[in-house]
Amino acid sequence: MLTAVLSWQEALAREVEARYGLRLPSDEVPFTFPPGPELGDAATPLAFALAKRLRRAPAQIAGELAGVALEGVREVRAVGGYLNLFVDRAWALSALLGGGFIPASRGGKTIVEHTNINPNKAAHVGHLRNAVLGDTLVRCLKHLGRRVEVQNYIDDTGVQVADVVVGFERILGLRVFDIRNLIGICASAPHLPPDLQEQMSIWQNHLNSLSISFPQHLADPQQTAALLVSCCGRFDFFCWELYAKVGPWYEQSEENKKARLETLHRMEQGGNETAEMAALIASEMVRCHLRTMERLGIRYDVLPHESDILKTGFWAACFEKLKASGAVHYVPEDSEEKNRGCWVMALQESDEFRGMSDADKVIVRSNGTVTYIGKDMAYQLWKFGLLGRDFHYRPFGHGIPDYPEVWRTDWRASGEGAPSFGAGERVVNVIDVRQSYLQKIVKEGLRQMGHPEEAERSVHFAYEMVALATRFVKEEIAKGAKFGLSEEELKKPFVEMSGRKGLGFRADALLDRLEDRAATEIENRAPELAKTEIHERARALATAALRYYMLKYGKNQVVAFDLEQALAFEGETGPYLQYAVVRAANILAKGRERGFAVPDPGAAEGLLREIPEALPHLDEEAWGVLTLFLRTPNVVHQAVESLDLNLAARHLYEAAQAFHTYYHAFPVLQEENAEKRRARLLTVALFARLLRESLEKLLGIPVPERM
RNA sequence: GUGCCUGUAGCUCAGUUGGAUAGAGCACCUGCCUCCUAAGCAGGGGGUCGUGGGUUCAACUCCCGCCAGGCACACCA
């Protein structure tokens with residue numbers, strides 16, 4: 001009722017002015033939704049606000065205002081000072097089905113950046129929260145008619161990639177050729193039997209045929225097979241394990257420590273095997289991440305690569321702007337200041353940074369290299385089309401079946417038919433709250449470079465991190481895992497994840513667990529089902545469980561990841577919402593079997609045609625379910641404005657809950673009165689359509705036919 | 001030290017322009033599957049909304065103080 005509420009606010013503001021001579025901005029007419037359907041479909045406590053200014057009782061004012069005529073409202077009732085609005089139901093439903101409550105879109109493109117996983121290890125549950133929040137925001141924005149571009153930033157030049165390169169090159173002694181083989185082996189991973197011994201022998205056979213290419217540590221097929229078994233034959237899992245070994249390896253000697261810098265330098269120089277290896281690892285890792293996110297229905301438009309930001313001259317252009325605007329200044333090498341030899345941004349004059357002990361931020365190091373924050377400013381300028389340059393683009397070449405091509409940036413020349421990206425009107429960066437300080441600096445940079453409007457339209461979508469519930473970590477330790485945690489750390493309620501320590505729950509491992517559990521449940525209910533069908537349904541359940549789990553918490557709440565809670569399918573979970581739709585669909589299917597005239601939830605016209613005849617016979621409780629959907633556009637709008645996406649998730653949960661209750665109290669097919677039955681069938685069909693559509697379009701939760 | 005965030009039922013959490021009786025899930029107890037799938041429903045126990053002030057017709061919600069916890073404040077990203 002987004003547009004409807006706007007018109008009601010205006011009408012009420014006019015009414016107040018005409019009746020009392022009070023000028024009231026229409027957006028100050030408060031609107032709420034009543035706790036129960038007997039109190040109407042929408043309500044305003046406007047009379048309370050007027051009571052003081054008019055020096056009269058709210059109930060009296062409400063009684064006078066109740067005579068106002070409002071579009072689509074069949075009755076305005078004054079109750080205890082409130083004005084309760086009862087809508088014309090046919091009008092409301094047809095507006096809802098026809099998208100009539102969504103305001104006309106206003107041009108500009110919103111760029112949403114999310115996921116941004118360092119391409120050196122497998123994605124973990126923390127990355128899932130980021131991606132689910134980002135993707136849900138994208139879906140909600142699109143639902144409201146906004147143009148959206150999804151960017152997934154790839155930092156392919158940083159130390160994190162260098163570390164895993166060190167692992168491959170120095171610890172395992174592999175060359176590019178070997179890594180290509182390893183990737184090949186993983187890609188052609190056989191469908192693994194559950195038995196570990198069998199798995200081992202399969203991997204060993206694989207490796208034997210290739211072992212000549214594994215010169216040192218991996219030459220022992222026994223050891224390598226064991227590692228591959230523990231990694232499920234996944235390249236990103238392999239890197240996860242390897243990355244955790246690099247930290248301790250650096251600690252072993254000064255020489256080892258030097259390997260990191262040497263590797264970084266060789267990567268930056270390019271044109272050598274180390275750089276080639278880094279690029280290979282990064283691109284394969286991105287492929288792994290795309291695959292992981294695809295399991296959840298999360299996709300991207302473009303993958304901007306950090307290496308291209310440098311090679312395309314973005315940074316050089318940004319640096320010029322920074323210098324020209326005076327946003328950065330050089331600290332002479334012979335000065336006494338601590339940042340001597342650096343280009344720094346002064347922040348102490350800005351309100352946002354008041355009270356900081358040292359408000360200067362180094363942008364260019366004394367050795368002439370640019371910091372991450374500098375590159376991020378260049379990237380941000382480009383997103384707003386303020387850099388005067390663009391990337392080139394080519395297909396990423398992910399090779400994932402049934403998945404449209406994703407574009408990646410390039411610094412040389414664009415591929416054929418390459419679209420262009422960037423130049424958005426609004427930018428939302430989905431990054432966890434620990435980066436708030438840096439995001440603030442990026443925003444301040446825009447302002448100081450003379451782009452205050454863009455700075456205002458640059459939004460950091462900050463959310464709290466995902467940590468691991470200590471209870472869960474202790475269980476893992478009991479099973480033999482070693483994370484090097486102190487007693488002190490294990491006394492706290494949660495433990496922060498750390499890729500460096502290998503401490504975290506991998507996204508694909510969680511999805512596997514969810515799918516296994518779902519498959520078991522499905523098989524218990526329908527043992528005759530084909531394996532492929534079971535798998536398909538299990539996948540939908542796993543997606544729902546995970547997406548809802550990541551969405552149900554407020555963004556400022558630390559999610560202490562707990563496997564038991566994440567694996568739940570009962571209560572307030574994704575499958576509960578799916579089940580409501582499946583139930584509704586079942587009633588309709590059974591109804592069709594019994595020869596009743598059943599409206600098709602997929603066909604809006606049919607539903608609309610049914611409305612005038614069936615609506616008068618609707619039970620009030622049925623309307624109580626349907627009226628919740630009238631609020632959806634308002635809830636989504638609010639969720640997007642405040643970036644509290646849990647509002648949307650919980651709203652749909654309430655709708656599902658209302659239907660489950662209705663389902664038990666009102667038999668549909670057993671109802672003997674034909675008119676009532678018809679009205680109930682319509683209720684069920686409308687519900688099935690509205691919840692299915694909302695789950696898929698807003699939350700990215702697919703609904704299986706049966707479960 | 002400075003800034004941001006959090007504190008609501010045994011546990012995990014909702015409660016959003018201040019408004020109708022402080023809710024949900026889990027756990028626990030009692031019922032409901034010859035009846036449209038029990039991944040469900042109905043009912044029960046369980047609350048000084050961290051704490052002390054203030055503003056207001058009205059405060060979990062806004063303001064100030066205090067207590068407890070988390071995060072951030074690099075020439076790392």
Side-chain angles (χ1 to χ4, degrees), chain A residues 27-28 30-32 34-36 39 43 45 48-49 51-52 57-58 79-82 84 118 155 158-160 306 338-344 352-359 361-367 369 371-373 375-376 432-438 440 462 464-465 467 469 492-494 496 518 521-522 525-526 541 545 552-560 562 564-565 568-573 575-576 578-580 582-584 586-591 593-594 638-639 641-642 644 646-647 650 653-654 657 660-661 663-671 680 684 706-707:
Chain A
D27 60 357
E28 281 178 28
F31 258 91
T32 60
L39 294 173
F48 292 98
K52 192 177 179 184
V79 180
Y82 280 88
N84 290 336
N118 272 312
D155 178 6
V159 282
Q160 299 228 29
E306 181 157 290
K338 68 173 198 174
N339 293 327
R340 53 184 175 271
C342 299
W343 285 88
V344 305
E352 302 243 16
F353 298 89
R354 199 172 302 284
M356 294 204 39
S357 53
D358 174 18
K361 184 71 192 173
V362 171
I363 306 297
V364 179
R365 303 183 187 102
S366 54
N367 67 7
T369 58
T371 57
Y372 149 82
I373 192 93
K375 286 180 267 192
D376 219 26
D432 84 59
V433 69
R434 289 171 294 185
Q435 297 223 34
S436 291
Y437 169 69
L438 291 170
K440 239 157 107 175
E464 264 293 354
M465 64 173 166
K492 298 185 172 176
F494 56 81
E496 195 171 337
E521 296 284 333
I522 292 162
R525 278 155 236 247
L541 287 239
K552 70 193 265 194
Y553 299 99
K555 64 176 185 289
N556 292 330
Q557 205 64 240
V558 173
V559 172
D562 187 313
E564 212 173 287
Q565 285 175 17
F569 292 157
E570 289 165 18
E572 197 195 336
T573 66
Y576 175 93
Q578 292 173 312
Y579 189 46
V582 168
R583 271 191 150 161
N586 270 334
I587 295 173
L588 301 176
K590 284 263 162 74
E593 275 174 34
R594 295 190 195 176
Q638 194 180 359
E641 288 304 305
S642 62
D644 289 316
N646 62 323
L647 292 177
R650 291 194 186 258
Y653 170 69
E654 272 179 43
Q657 214 174 22
H660 278 304
T661 303
Y663 169 93
H664 282 280
F666 292 85
V668 178
L669 305 180
Q670 276 89 336
E671 174 56 47
R680 286 181 192 173
V684 172
R706 298 173 141 271
M707 59 189 274

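All values below come from the heavy atoms of this structure, side chains included, with hydrogens, waters and symmetry mates left out. Letters A, B, ... mirror the listed sequences (proteins, then strands); counts begin at 1.
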Practice task
State whether Q557(A) places a side-chain N or O below 4.0 Å from either non-bridging phosphate oxygen (OP1 or OP2) of A14(B).
Solution key: yes
Practice task
Establish, with yes or no, whether the OP1 or OP2 oxygen of C13(B) is under 4.0 angstrom from a side-chain nitrogen or oxygen of K552(A).
Solution key: no
Problem - Distance test, side-chain N/O of Y576(A) to OP1/OP2 of C41(B), below 4.0 Å - result: yes
Practice task
Consider the side chain of Y553(A), meaning its heavy atoms from C-beta on, and name the nucleotide among A14(B), C71(B), A39(B) that approaches it most closely.
Solution key: A14(B)
Problem - G-U wobble or Watson-Crick pairing nucleotide for G43(B) (cut-off 3.5 Å, both distances) - result: C29(B)
Fill in the blank from the handout: Across every strand shown, the nucleotide meeting Watson-Crick or G-U wobble geometry with A24(B) (both distances under 3.5 Å) is U12(B)
Practice task
Determine which nucleotide pairs with G7(B), using a 3.5 Å limit on both distances of a Watson-Crick or G-U wobble pair.
Solution key: C67(B)
Problem - Residue pair S642(A) / L647(A), side-chain heavy-atom distance below 4.5 Å - result: yes
Exercise for the section: Establish whether the base of A14(B) is bridged to the side chain of D644(A) by a donor-acceptor pair shorter than 3.5 Å. Expected result: no
Fill in the blank from the handout: By nearest-nucleotide position on RNA chain B, the 5'-leaning member of I522(A) and Y663(A) is Y663(A)
Practice task
Please state whether the phosphate of A20(B), meaning OP1 or OP2, lies under 4.0 angstrom from any side-chain nitrogen or oxygen of T32(A).
Solution key: no
Problem - Pairing partner (Watson-Crick or G-U wobble, both distances under 3.5 angstrom) of C36(B) - result: none
Practice task
For L39(A), report the nucleic acid contact type (base, sugar-phosphate, nothing); a contact means any heavy atom under 4.0 Å.
Solution key: base
Problem - Polar side-chain contact S366(A)-C75(B) base: donor and acceptor under 3.5 Å - result: yes
Handout entry: E570(A) CD - A24(B) C1' separation (whole Å)
Key = 15 Å
Practice task
May I ask you to say what N84(A) touches in the nucleic acid, namely base, sugar-phosphate or nothing, with a heavy-atom cut-off under 4.0 Å?
Solution key: base
Problem - N or O in side chain of N367(A) less than 4.0 angstrom from C75(B) OP1/OP2 - result: no
Fill in the blank from the handout: Atom CD of Q578(A) and atom P of A39(B) are separated, to the nearest Å, by 14 Å
Exercise for the section: Just call it for R340(A): base, sugar-phosphate, or nothing, with non-hydrogen atoms closer than 4.0 Å on any strand. Expected result: base
Exercise for the section: Ignoring hydrogens and angles, answer whether the base of A24(B) and the side-chain atoms of R650(A) contain a donor-acceptor pair closer than 3.5 Å. Expected result: no
Exercise for the section: Check the chi torsion on C33(B) and let me know: syn if it falls within 90° of 0, anti if not. Expected result: syn
Practice task
Report which part of the nucleic acid L588(A) touches: base, sugar-phosphate, or nothing (heavy-atom distance under 4.0 Å, all strands).
Solution key: nothing
Exercise for the section: Searching all strands shown, indicate the nucleotide that pairs with G1(B) (Watson-Crick or G-U wobble; both distances under 3.5 Å). Expected result: C73(B)
Exercise for the section: Please check the phosphate of G40(B) (OP1 and OP2 only) for any side-chain N or O of R583(A) closer than 4.0 Å. Expected result: no
Handout entry: Along RNA chain B (nearest heavy atom to each residue), the more 5'-positioned of P45(A) and Y653(A)
Key = P45(A)
Fill in the blank from the handout: pair_partner(G18(B)), Watson-Crick or wobble, both distances < 3.5 Å, evaluates to none
Handout entry: Presence of Y437(A) side-chain N/O under 4.0 Å of A72(B) phosphate oxygens OP1/OP2
Key = no
Practice task
Taking only the side-chain nitrogens and oxygens of Y372(A), find out if one of them lies under 4.0 Å from OP1 or OP2 of C75(B).
Solution key: no
Exercise for the section: Using a 4.0 Å heavy-atom cut-off across all strands, classify Q657(A) as base, sugar-phosphate, or nothing. Expected result: sugar-phosphate
